[in-house]
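A quick write-up on the structure given underneath.
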Amino acid sequence: MTENIQNKNQNEQKLKSLIDRLEHTRSLTREEWAFLIRERTPGAAGYLFERARESRIRHYGHAIYIRGLIEFTNYCKNDCYYCGIRRSNPNARRYRLSKEDILSCCKEGYELGFRTFVLQGGEDAYFTDERLAEIVSEIRAGWPDCAITLSVGERSRESYQKLFDAGADRYLLRHETYDPEHYARLHPPKLSARHRQACLWDLKEIGYQTGTGFMVGSPYQTPENLADDMLFLAELDPQMVGIGPFIPHHETPFSQYPAGTAELTLYMLGLIRLLLPKVLLPATTALGTISPDGREQGILAGANVVMPNLSPAGVREKYLLYDNKLCTGDEAAESLNSLKERMKAIGYRITACRGDSLNIRS
Ligand code: SAM
């Protein structure tokens with residue numbers, strides 16, 4: 001019994017000293033990452049969150065940046081096994097917004113105080129480079145003080161360049177999981193980890209503020225997979241990282257797999273904050289979906305961004321990536337005041353500025 005307690009104490013000491021080393025050197029081996037993740041304890045997590053909060057406050061104070069999310073199409077040519085808008089889901093109610101719809105979302109968002117618009121969608125062939133570049137340049141002309149973030153999946157380098165030239169500043173493309181074998185268990189053979197990662201390097205080289213990320217608790221994921229994800233983040237050094245728990249969707253091949261947990265997602269947020277102290281790190285919708293105070297917990301674990309939904313109310317429930325995805329209440333951009341109050345209650349303040357990364361071209 002005493003020996004058991006002693007072992008537990010030793011384990012926790014080791015975890016805390018790895019957390020300290022992470023904070024000071026920002027460099028751990030794969031084995032150390034896997035140990036930190038596999039052997040985590042509530043005590044170590046509490047310690048990690050304290051260190052992560054201090055780090056984010058050092059760089060960003062108590063500011064929370066907001067991004068207005070416009071989910072502009074749920075048509076997708078891909079067939080990711082986890083995703084509710086995958087091509088093979090015949091029951092997804094498909095929609096695509098017109099340019100005018102998108103511009104009116106921006107207008108509404110600007111009036112609400114948003115200074116970043118995130119255009120996210122499935123890989124929809126309708127949105128050719130020409131169509132998408134035209135939308136981006138009209139947003140750029142209409143709201144020159146705003147950042148434009150795109151999140152439309154894998155495209156050619158030329159396409160990314162055209163969209164950048166049209167005025168897009170940022171791009172979000174989660175790598176989903178670094179390990180090619182794990183990637184292959186989540187995606188059909190046409191998609192590869194290697195290609196996804198190559199897109200990220202292209203985006204970075206073009207000059208986008210680049211965001212990547214992964215799902216936590218996706219089927220077959222091991223602590224070693226997450227360790228590889230952390231090593232990839234260290235190598236890519238992105239300006240933004242979006243992570244969220246995997247949540248099953250009832251009409252996908254992964255409908256029967258358990259959801260990732262808020263507990264592990266929060267722990268990974270804390271680790272990412274210490275690895276990349278200046279990163280822009282959202283408390284995501286998926287985290288808010290699996291836990292009613294997921295947003296607040298995410299901020300307290302080191303996150304500093306929230307992304308309320310600016311899509312027209314009529315389409316929000318059709319962008320159903322996973323079951324029970326939040327799209328009303330404080331998830332809705334119109335409820336910004338309520339979100340402000342919730343952030344205020346935990347000592348943070350929503351700010352209406354572009355919120356660029358502090359490590360641009362670091
Ligand atoms: N098509 C773009 C792309 O591939 O990056 C953007 C849209 S995609 C639907 C946005 C993100 O949703 C993905 O990167 C994935 O991590 C997340 N996602 C999809 N299905 C999910 C699920 N079942 N649970 C949690 N997150 C999911």
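Keep in mind that the numbers below use all heavy atoms, side chains included, and drop hydrogens, waters and symmetry copies. Whatever order the structure lists them in is the order used to number ligands and atoms, beginning at 1. The shown structure was predicted, so the numbers you read here are calculated from the model rather than taken from an experiment.
- In this structure, Ser151 is part of the shell of residues with a heavy atom less than 4.0 angstrom from ligand 1.
- With respect to Arg21 and Glu32, a salt bridge is recorded, a charged nitrogen being found less than 4.0 Å from a carboxylate O.
- By the 4.0 Å heavy-atom criterion, Tyr319 is counted among the residues contacting ligand 1.
- Of the N or O atoms in Cys83, none lie within a sub-3.5 Å distance of an N or O in ligand 1.
- Distances from atom 2 (C) of ligand 1 to the protein include at least one heavy-atom value under 4.0 Å.
- Screening Tyr220, Tyr81, Tyr82 for a side-chain hydrogen bond (donor to acceptor under 3.5 Å, both in side chains) involving Tyr257 leaves a single residue, Tyr220.
- Proximity of Tyr171 to ligand 1, defined as any heavy-atom pair under 4.0 Å, is not found for any part of the residue.
- Proximity of Thr285 to Arg295: side-chain heavy atoms (C-beta onward) are separated by under 4.5 Å at one or more points.
- Regarding atom 9 (C) of ligand 1, its nearest protein heavy-atom neighbour is Leu321 CD2, 3.4 Å.
- Of the charged side-chain nitrogens involved, none lies within less than 4.0 Å of a carboxylate oxygen, so that Asp293 and Arg342 do not count as a salt-bridged pair.
- With a heavy-atom cut-off of 4.0 Å, Glu154 does not touch ligand 1 at all.
- Comment: Arg185 does not engage Glu181 in a salt bridge, judged by the lack of any side-chain N to carboxylate O separation of less than 4.0 angstrom.
- A salt bridge links Asp129 to Arg155: at least one charged side-chain nitrogen sits closer than 4.0 Å to a carboxylate oxygen.
- Under 4.0 Å is where a charged nitrogen must lie from a carboxylate oxygen, and between Lys14 and Glu39 no such pair does.
- Ligand 1 has a nitrogen or oxygen under 3.5 angstrom from a nitrogen or oxygen of Gly121.
- Under 4.0 Å is where a charged nitrogen must lie from a carboxylate oxygen, and between Lys325 and Glu317 no such pair does.
- Heavy-atom contacts of Tyr82 reach the following atoms of ligand 1: 19 (C), 20 (N), 21 (C), 22 (C), 23 (N) (cutoff under 4.0 Å).
- For Gln197 (side chain) and Tyr178 (main-chain N/O), a donor-acceptor pair under 3.5 Å exists by modelled atom type.
- For the pair Gly84 and ligand 1, no heavy-atom separation below 4.0 Å is found.
- Ligand 1 has a nitrogen or oxygen under 3.5 angstrom from a nitrogen or oxygen of Arg174.
- For the pair Arg196 and Glu154, the salt-bridge criterion is met [side-chain N within less than 4.0 Å of a carboxylate O].
- Salt bridge Glu54/Arg273: absent, no basic N to carboxylate O contact under 4.0 Å.
- The nearest protein atom to atom 16 (O) of ligand 1, hydrogens excluded, is given as Glu176 OE1, 2.8 Å; this is a heavy-atom distance.
- Here the protein heavy atom with the shortest distance to atom 27 (C) of ligand 1 is Met215 SD, 3.7 Å.
- Look at Gly242 and you'll find every heavy atom at least 4.0 Å from all atoms of ligand 1.
- At a heavy-atom cutoff of 4.0 Å, ligand 1 is contacted by the backbone of Pro245 but not by its side chain.
- Under the 4.0 Å distance rule, the nearest protein heavy atom to atom 23 (N) of ligand 1 falls inside the cut-off.
- In this comparison of Glu71, Arg196, Gln120, the heavy atom closest to atom 5 (O) of ligand 1 sits on Arg196.
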